[in-house]
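First up is the structure itself, then whatever we jot down about it.
Because the structure is a prediction, the values reported are computed rather than measured.
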Amino acid sequence: MRIDICRAEDIAVLERFMPSHSVDGSHGARFARQEAGDSSYLIPWLDGLPVGHAEVRWTGCEAPEVRAARPGCPELNGLFVWPASLRSRGIGTALVRAAEERAVARGTGLMGLGVGDDNPLAARLYARLGYRPTVSYVDRWAYLDVDGERRECADPCVFMVKDLTLASGPLDVKPA
């Protein structure tokens, strides 16, 4: 497996193998933020196919509660492994480590991420990787459904933070 920064030509491949929840294309939106310098869109590839994604938002989490509690903390957003049969095989861990390595290379001492209250499996993974809960918030997002209707969503979450200056040893992890 390799993890690369998303390229323009990857968008069509991502949409074919991991369709966006939104007809306006969340892969394209993530790529546009990357092109603007606001994020890095990471794609893991296995046997020539994309098997997930994660976006490091250098501008931080948009939730006001998080911005107040952790100003300037980059956010690892949209971590996703697909298909589901590949979960719990190290791909998510490798994506987190790749994001942390990028943050350290940029001179950033912290990395944060949000985890839904309804996702205890992910919360355990992040805790195992050194992330600690800091603030509860409601993640608000929207998407366009297949009929072009805008759907608003609100998910209770906890923002978890890791101090990257305390990391010891290499951050690279080889997935199973």
Side-chain angles (χ1 to χ4, degrees), residues 1 3 5-6 14 18-22 26-27 29-31 33-34 38-44 50-104 106 108-143 151-168 171-176:
M1 184 187 75
I3 297 175
I5 292 291
C6 186
L14 291 169
M18 290 183 298
S20 297
H21 295 293
S22 179
S26 60
H27 297 300
R30 288 182 173 116
F31 181 74
R33 283 190 293 272
Q34 176 179 279
D38 294 334
S39 74
S40 295
Y41 191 26
L42 305 174
I43 310 298
V51 292
H53 57 74
E55 181 184 12
V56 181
R57 292 189 179 179
W58 303 113
T59 56
C61 180
E62 294 179 4
E65 307 91 327
V66 174
R67 285 194 177 279
R70 290 297 187 170
C73 180
E75 177 193 30
L76 180 56
N77 183 281
L79 189 136
F80 182 69
V81 174
W82 183 258
S85 62
L86 293 177
R87 293 181 186 147
S88 298
R89 294 181 59 193
I91 296 169
T93 297
L95 277 166
V96 171
R97 297 296 193 206
E100 292 172 351
E101 288 173 357
R102 290 193 165 281
V104 168
R106 286 176 67 112
T108 301
L110 291 175
M111 177 64 72
L113 49 80
V115 62
D117 289 355
D118 63 348
N119 196 350
L121 185 64
R124 284 193 299 275
L125 167 66
Y126 303 143
R128 192 179 81 241
L129 295 176
Y131 288 80
R132 300 294 172 250
T134 59
V135 62
S136 294
Y137 69 104
V138 176
D139 184 22
R140 298 182 188 286
W141 53 283
Y143 67 96
R151 302 289 178 183
E152 303 283 333
C153 301
D155 298 321
C157 294
V158 172
F159 195 72
M160 302 177 77
V161 175
K162 180 177 180 178
D163 183 342
L164 301 176
T165 64
L166 300 177
S168 59
L171 294 175
D172 58 340
V173 173
K174 305 292 187 258

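Between the CH2 atom of W58 and the CD atom of E75 there is a distance of 12.0 Å, given to the nearest 0.5 Å. How far CZ of R30 is from NE2 of H53: 4.5 Å, rounded to the nearest 0.5 Å. A distance of 12.5 Å separates CG in L125 from CZ in R87, rounded to the nearest 0.5 Å. To the nearest 0.5 angstrom, R140 atom CZ is 12.5 Å from E62 atom CD.
The shortest distance between side-chain heavy atoms of I5 and R102 falls below 4.5 Å. Residues S26 and Y143 have side chains not in contact (no heavy-atom distance under 4.5 Å, counting atoms from C-beta outward). Residues I3 and R97 have side chains not in contact (no heavy-atom distance under 4.5 Å, counting atoms from C-beta outward). With a 4.5 Å cut-off on side-chain heavy atoms, L79 and L113 do not count as touching. In this structure, the side chains of D163 and L110 come closer than 4.5 Å at one or more pairs of heavy atoms. Using a 4.5 Å heavy-atom threshold, the side chains of E101 and V104 count as separate. Looking only at side-chain heavy atoms (C-beta outward), E55 and F31 stay at 4.5 Å or farther from each other.
Between C73 and G112, the closest heavy-atom pair is SG-N, 3.5 Å. Across V115 and A122, no two heavy atoms sit closer than the pair CG2-CB, 3.8 Å. Closest approach of M1 to I91, counting heavy atoms only: SD-CG1, 3.7 Å. The minimum heavy-atom distance linking W82 with L86 is given by the pair O-CD1, 4.0 Å. For C157 against G116, the heavy-atom pair with the smallest separation is SG-CA, 3.8 Å. Across all their heavy atoms, R57 and S39 have their closest contact at CA-CB, 4.0 Å.
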Side-chain donor-acceptor distances from residues 126-138 under 3.5 Å, at least two apart:
unit_1	atom_1	unit_2	atom_2	d
Y131	OH	E100	OE2	2.7
R132	NH1	A127	O	3.0
T134	OG1	F159	O	2.8

Donor-acceptor pairs under 3.5 Å, side chain of residues 64-72 to any protein atom, not counting sequence neighbours: which ones?
unit_1	atom_1	unit_2	atom_2	d
R67	NE	C61	O	3.2
R67	NH1	T59	O	3.2
R67	NH2	T59	O	3.3

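The main-chain N or O of C6 is found under 3.5 Å from a side-chain atom of Q34 such that the two form a donor-acceptor pair.
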